[in-house]
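Since the structure comes first, as structure tokens, the remarks are kept for the end.
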Amino acid sequence: MAELSALIICLSLLLYLLLDGTDLGVGMLFCWFHDDEQRELMTHSILPVWDANETWLVLAAGGLLALFPPVYALLFSQLSVPLFAMLLALLVRAMALEYRAQSSPRLRRWLDRLMAGSSALATFIQGWCAGMIISAQPQTGLPDGLSLVPLLSGAGLIAINSLLACCWIGWRIGDRVQPLAAALSWLWWLLALVIFLADLYLNADLWRQSWQRPPGRIAAGAIVLLWIALPVALWRARPLLQLILTLMLISALFSGVLCGLYPWLVPYQFTLSDSAASPVTQGFVLVGAVIAMPLTLLYHSWSFWVERRAK
């Protein structure tokens, strides 16, 4: 039951990375697109879905509190300041999105800067926190915040989310943003690849552990194939294919990291069995998850379908 509980939390986190990662990437791209019409189209591409996408972060945090309370206590005590900064950045991003249409041109320019900065800050902190967790050590626990692995993880998430956003707007908006989106896709693909290789070198033990498990081998093979397939899709200018491949790449990377971490939730601190709540609590929360997650997925599917018809 503890493994099923962890799987539910990991699935929520993955869906958040895939969905709200796209929204955060679109916000960061405001630094590169200066035409007001292009920014308006980019904003409208995420307005129908951004708030629902954040539901998965709430489900993951709530699930962690109910299912693995010692891990929740550790992370939210030692990482309280960056997590608060991330939530504040998400709040500022939401304000910039929602008030943009009702603001004057001068205020809109400031809101656009706020959206780009807050999206970049939230993305970096999410990657930085992930780097802090995966690089925990037996004696010292979580590493220093200025260690190379957390910093690279934050920069890598910025790169992969920006690539995801380039593919998204290239598919959703089309010719009006396609030339610049295509050029930026190459830049972010290259940066993401370089950071991944550096992270692979620095976390060799984790990836070696992942390779020793059959699911980890499948994830590693998928990662190699997807890194190769992405530039082919970029060269052929197929935005939808690029988007699908990037989503698959993020999923494969996430799965590979999980295979390397298992059975730890926080390396050398808490395992699944050590930190799990009582079976009664897990059963109650899992029943709720079985009801809530399909309903959330149905709502997402409906939102995307409505947006597709409006394209």
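We count residues from 1, following the sequence as given. The shown structure was predicted, so the numbers you read here are calculated from the model rather than taken from an experiment. Computed over heavy atoms, backbone and side chain alike; hydrogens, waters and symmetry mates excluded.
Taking CH2 from Trp171 and CG from Leu243, the interatomic distance works out to 6.5 Å, rounded to the nearest 0.5 Å. Taking CG from Leu15 and CG from Leu57, the interatomic distance works out to 12.0 Å, rounded to the nearest 0.5 Å. With values rounded to the nearest 0.5 angstrom, Leu157 atom CG is found 8.0 Å from Leu24 atom CG. Between Asp112 atom CG and His34 atom NE2 the span is 11.0 Å, to the nearest 0.5 Å. Between atom CG of residue Asn53 and atom OG1 of residue Thr296 there is a gap of 11.0 Å, rounded to the nearest 0.5 Å. Residue Leu148 holds its CG atom at 9.5 Å from CG of Asn203, rounded to the nearest 0.5 Å.
Judged by distance alone, with hydrogens and angles left aside, the side-chain atoms of Arg176 form no donor-acceptor pair with the main-chain N or O of Glu37 at under 3.5 Å. Side chain of Thr246 to main chain of Leu164: no donor-acceptor pair is present (N/O by atom type, distance under 3.5 Å, no hydrogens or angles). Here the side chain of Ser119 pairs no donor or acceptor atom with the backbone of Ala116 at under 3.5 angstrom. Remark: side-chain polar atoms of Gln137 are paired, donor with acceptor, to backbone N or O of Ser135 under 3.5 angstrom. Judged purely by atom type and a 3.5 angstrom limit, Arg213 uses its side chain to pair as donor or acceptor with the backbone of Cys259. A donor-acceptor pair under 3.5 Å links the side-chain atoms of Thr271 to the main chain of Asp274, judged by distance alone. Side chain of Ser210 to main chain of Leu206: no donor-acceptor pair is present (N/O by atom type, distance under 3.5 Å, no hydrogens or angles).
Under the side chain to side chain donor-acceptor pair (under 3.5 Å) criterion, Gln126 pairs with Tyr16, sequence neighbours left out.
Of all heavy-atom pairs spanning Ser5 and Leu286, the tightest one is OG-CD1, 3.8 Å. Minimum heavy-atom separation, Pro231 to Trp186: O-CH2, 3.4 Å. Nearest heavy-atom pair across Leu74 and Gln269 is CD2-CB, 4.3 Å. Considering every non-hydrogen atom in both Leu47 and Glu98, the closest pair reads CD2-OE2, 4.0 Å.
Around the CZ atom of Arg238, the shell of radius 6.0 Å holds no more than 12 heavy atoms that belong to other residues, nucleotides or ligands. Applying the 6.0 Å contact sphere to CH2 of Trp227 captures more than 12 heavy atoms from other residues, nucleotides or ligands. In this structure, Met293 places its CE atom where more than 12 heavy-atom neighbours from other residues, nucleotides or ligands lie under 6.0 Å away.
Screening Gln178, Met42, Gln38 for a side-chain contact (heavy atoms from CB on, under 4.5 Å) with Ile169, the sole residue that qualifies is Met42. With Leu67 as the partner, the side-chain contact (heavy atoms from CB on, under 4.5 Å) test is satisfied by one option alone out of Leu272, Val285, Leu4: Val285.
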Q: Tell me, with the steps shown, if Arg39 and Asp36 meet salt bridge (charged side-chain N to carboxylate O under 4.0 Å, His left out).
A: CA-CA 5 Å; Arg39 289 184 172 184; Asp36 192 63; over 6 Å; no
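A heavy-atom distance below 4.5 Å is found between the side chains of Leu297 and Trp56. Between Leu249 and Leu253, the closest side-chain pair of non-hydrogen atoms falls below 4.5 Å. Within the 4.5 Å cutoff, the side chain of Val177 has no heavy atoms near those of the Leu29 side chain.
For Arg113 and Trp110, the positive end sits near the middle of the six-membered ring, less than 6.0 Å away and at most 45° from its axis.
Linking Ile, Leu, Val, Met, Phe, Trp and Tyr whenever their side-chain heavy atoms come within less than 4.5 Å puts Leu200 and Ile250 in one cluster. The cluster map of Ile, Leu, Val, Met, Phe, Trp and Tyr, joined by side-chain heavy atoms under 4.5 Å apart, puts Leu14 and Ile244 in the same cluster. Hydrophobic clustering of Ile, Leu, Val, Met, Phe, Trp and Tyr side chains at less than 4.5 Å, counting indirect connections, keeps Leu91 apart from Leu121. Both Leu240 and Leu245 belong to a single network of hydrophobic side chains, linked directly or stepwise wherever heavy atoms of I, L, V, M, F, W or Y lie under 4.5 Å apart. Grouping the Ile, Leu, Val, Met, Phe, Trp and Tyr side chains by contacts below 4.5 angstrom, directly or via other members, places Met86 apart from Leu114.
Ring planes of Phe76 and Tyr72: parallel class, angle under 30° (limits at 30 and 60°).
Listed by chain and number, the hydrophobic cluster partners of Val224 are Ile228, where partners are ILVMFWY side chains within reach of under 4.5 Å, directly or through others.
Within the structure, side-chain hydrogen bond (donor to acceptor under 3.5 Å, both in side chains) pairs that include any residue of residues 75-96 comprise Asp20-Arg93, Glu54-Arg93 (at least two apart or interchain).
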